[in-house]
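In what follows, a structure is listed as structure tokens, so that the remarks can point back to it.
Numbering of ligands and ligand atoms starts at 1, following listing order.
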Amino acid sequence: MRSIYENEDRAAFRDTVRRFVANEITPYVDEWDEAGEIPWELHRKAGALGLFGFGIDEEYGGLGFDDCFMRVILGEELSMCGAGGVVAALTGCNIMTGPLQSLAPDEIKRRALPEIMSGESGGALGITEPGGGSDVAGMQTTATRDGDDWVINGSKTFITGGMRASYFVVGARTGDAGLAGISLFFVEKGTPGFTQTKLDKKMGWWSSDTASLYFDDCRVPASSMIGKQDAGFLAIMNNFNLERVGLISAALGSSKLCLRESIAYAQERHTFGKPLIKHQVIRHKIAEMSARIDSVEAYLNQIAWLVNEAGEGGVGEMPVAEICKAKFWATQVFEFVAREALQIFGGAGYLRGTAVERMYREVRVLAIGGGSEEIMRDLAVRQMGL
Ligand SMILES: Cc1cc2nc3c(=O)[nH]c(=O)nc-3n(C[C@H](O)[C@H](O)[C@H](O)COP(=O)(O)OP(=O)(O)OC[C@H]3O[C@@H](n4cnc5c(N)ncnc54)[C@H](O)[C@@H]3O)c2cc1C
């Protein structure tokens, strides 16, 4: 569907990302997914195109501006490579640079952001714990003040980029139980007391690096605190908004790819003497998939407009309820579309090496990560004042 919000800059950006995906990613996704990682060089190539730079000041290597429509284009076009794991491995750092930009002391920004922006080093966000991810306020990792240091103890799990990243933003409890006692910290790989182990054999996102993090009397200087002490919960919640926009965009791009693959296959494949696409049942599937995808796209465009309005110097408010609703809606649509796509492919879709087989396995992570469907519904209703 043609967007009424498309302009010259956004069209040019879409074209850039599309060419990057076609030349640098799509030909290799099967190989990388089977290998379980992407070559680090891809980060440098993405960095050179400024793909990590939205909302980051130019002095730290960022683009010096933000545009939610371009963020959406990025998530959507990258996801059309057909391997969500590649997208997560490449752009996972985008969920930790926001808090660095808006809350970290200048010294930390200078240390980490230029390297992440250029794709030289990776970044990861550590919030989820083995004891639970949905209940962020129940976080159990602690940071205790000792002289000029904070001493962190506890663990995190399911952390995207956890093995390969050099820089981490980590949540830890500095105060009482509950949401008012959480702070954020900047932790570098190699800090004594900080170790990682790889989480292997995932259902999907094979090429994405996922890890557990362990903090055992890990000392960081007091200046490593990001934002105000005990104010981390709000920072985490605010950060979720753009992360979720990214996940909705990924669901949109993945759904579009399923539709595109389905149409191409249905035009090629013949049954009962005619191409699949000429059977009415298949045509109706295509219509239904397309209509649902349009609904996600229209919703997301409206959200992007509202997010831009709420941005720096803007007059609006972050559309939190809409982001939550769009996230569960987009993943439900993706689930439907991936199922229909695989059905259209028949047995061929059950074989590894087809994009729809991979897409089908990658639906659930988008419905769980960054806030599950259940939590999104809860938050949306709470935002309605109920
Ligand atoms: C591949 C992958 C990558 C990830 N990357 C990161 C990352 O980079 N950084 C990070 O911090 N985290 C990351 N996560 C973690 C992710 O955000 C969590 O998995 C998610 O928040 C859910 O937490 P949980 O898995 O502990 O499930 P739980 O919180 O234990 O919930 C289990 C189930 O119960 C439901 N549930 C929970 N509470 C309620 C309730 N009150 N009412 C109804 N239902 C409820 C949930 O919706 C879910 O279906 C990643 C996860 C995956 C799978």
Side-chain angles (χ1 to χ4, degrees), residues 33 36-38 79 83-100 116 122-141 152 154-173 179 182 184-185 187 189 196-215 226 232-233 235-244 246-248 250-251 254 324 327-328 331-332 335 358 361-382 386:
D33 220 37
E37 66 177 25
I38 62 171
S79 297
V86 172
V87 185
L90 184 63
T91 60
C93 61
N94 285 354
I95 64 171
M96 64 78 82
T97 51
L100 283 187
I116 297 173
L125 177 71
I127 304 297
T128 304
E129 302 191 343
S134 303
D135 184 10
V136 175
M139 188 177 285
Q140 288 177 6
T141 295
I152 306 176
S155 58
K156 301 285 170 184
T157 195
F158 293 123
I159 307 308
T160 301
M163 295 304 293
R164 300 175 95 187
S166 303
Y167 303 112
F168 295 76
V169 171
V170 175
R173 183 163 300 289
L179 55 86
I182 294 169
L184 290 177
F185 291 90
V187 185
K189 189 175 192 169
Q196 304 87 23
T197 57
K198 188 176 164 78
L199 273 178
D200 225 341
K201 296 198 183 296
K202 299 190 292 289
M203 179 181 188
W205 278 20
W206 293 347
S207 49
S208 177
D209 149 28
T210 314
S212 293
L213 315 179
Y214 303 95
F215 301 91
I226 298 172
F233 184 80
I236 293 167
M237 291 301 125
N238 288 338
N239 189 51
F240 268 136
N241 288 315
L242 285 179
E243 174 180 354
R244 286 169 187 158
L247 294 167
I248 300 165
S254 306
C324 294
K327 181 166 185 289
F328 74 72
T331 52
Q332 264 179 239
E335 184 165 15
R358 190 184 296 113
R361 284 187 286 103
E362 292 190 345
V363 168
R364 295 257 53 86
V365 65
L366 293 185
I368 293 170
S372 67
E373 289 176 340
E374 292 76 11
I375 298 303
M376 292 301 89
R377 288 189 174 89
D378 255 12
L379 277 177
V381 176
R382 213 177 304 158
L386 301 169

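Backbone and side-chain nitrogen or oxygen atoms of Asp135 are examined, and none is located within less than 3.5 angstrom of a nitrogen or oxygen of ligand 1. Considering backbone and side-chain atoms together, Gly132 places no N or O closer than 3.5 Å to any N or O of ligand 1. Residue Leu125 places at least one N or O, backbone or side chain, under 3.5 Å from an N or O of ligand 1. Of the N or O atoms in Glu129, none lie within a sub-3.5 Å distance of an N or O in ligand 1. Annotation: Ile375 places no N or O atom under 3.5 Å from an N or O atom of ligand 1; distance criterion only. Polar contact with ligand 1: present for Phe158 (N/O pair, distance under 3.5 Å). Looking at Ser372 next to ligand 1, an N or O pair under 3.5 Å apart turns up.
A donor-acceptor contact closer than 3.5 angstrom links the side chains of Lys202 and Thr210. Side chains of Glu129 and Thr141: a donor-acceptor N/O pair is present below 3.5 angstrom, by distance only.
The closest approach between Ala124 and ligand 1 stays at or above 4.0 Å for every heavy atom of the residue.
In terms of modelled atom types and a separation under 3.5 Å, the side chain of Arg244 and the main chain of Cys324 share no donor-acceptor contact.
Atom CD of Glu243 and atom CD1 of Ile236 lie 11.0 Å apart (nearest 0.5 Å). To the nearest 0.5 Å, atom CZ of residue Arg377 and atom NZ of residue Lys327 are 10.5 Å apart. Within the model, atoms CZ of Arg173 and CD1 of Ile182 stand 4.5 Å from one another, a figure rounded to the nearest 0.5 Å. A distance of 10.5 Å separates CD1 in Ile248 from CZ in Phe328, rounded to the nearest 0.5 Å.
Contact annotation for atom 26 (O) of ligand 1: protein present (non-hydrogen atoms, distance under 4.0 Å). Note that atom 50 (C) of ligand 1 has protein non-hydrogen atoms nearby, at separations under 4.0 angstrom. In this structure, atom 32 (C) of ligand 1 has its sub-4.0 angstrom surroundings free of protein heavy atoms.
Of the protein's non-hydrogen atoms, Asp378 OD2, 4.2 Å is the one closest to atom 41 (N) of ligand 1. Looking from atom 21 (O) of ligand 1 to the surrounding protein, the closest heavy atom is Gly133 C, 3.8 Å. Atom 45 (C) of ligand 1 has as its closest protein heavy atom Glu374 CB, 4.2 Å. Looking at atom 8 (O) of ligand 1, its nearest protein heavy atom turns out to be Thr160 N, 2.9 Å.
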>> Between Val365 and Met203, is the side-chain contact (heavy atoms from CB on, under 4.5 Å) condition met? List the steps.
In response: CA-CA 9 Å; Val365 65; Met203 179 181 188; over 6 Å; no

> Would Asp33 and Arg358 count as a salt bridge (charged side-chain N to carboxylate O under 4.0 Å, His left out) if you check the C-alpha gap in whole Å, the side-chain angles of each, and the deciding distance to 0.1 Å?
Replying inline: CA-CA 10 Å; Asp33 220 37; Arg358 190 184 296 113; 2.9 Å; yes

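By the 4.5 Å heavy-atom criterion applied to side chains, Val170 and Lys156 are counted as neighbours. No side-chain heavy atom of Ile127 sits less than 4.5 Å from a side-chain heavy atom of Asn239.
Less than 4.0 angstrom separates some heavy atom of Ile159 from each of these atoms of ligand 1: 7 (C), 8 (O), 9 (N), 10 (C), 11 (O). Close contacts between ligand 1 and Val365 involve ligand atoms 1 (C), 2 (C), 53 (C) [criterion: under 4.0 Å to a heavy atom]. Taking every non-hydrogen atom of Gly370 and a distance limit under 4.0 Å, the qualifying atoms of ligand 1 come out as 17 (O).
For the pair Arg361 and Trp206, the cation-pi criterion (under 6.0 Å, within 45° of the ring axis) is fulfilled.
When Thr210, Ile95, Thr128, Leu213 are ranked by how near their heavy atoms come to atom 11 (O) of ligand 1, first place goes to Thr128.
Counting only residues at least two apart or on different chains, the salt bridge (charged side-chain N to carboxylate O under 4.0 Å, His left out) pairs with a member in residues 364-376 are Glu335-Arg364, Arg364-Glu373.
Both the backbone and the side chain of Ser134 come within 4.0 Å of ligand 1, judged by heavy-atom distances. With a 4.0 Å heavy-atom cut-off, ligand 1 is reached by the backbone of Ile368 and by its side chain too.
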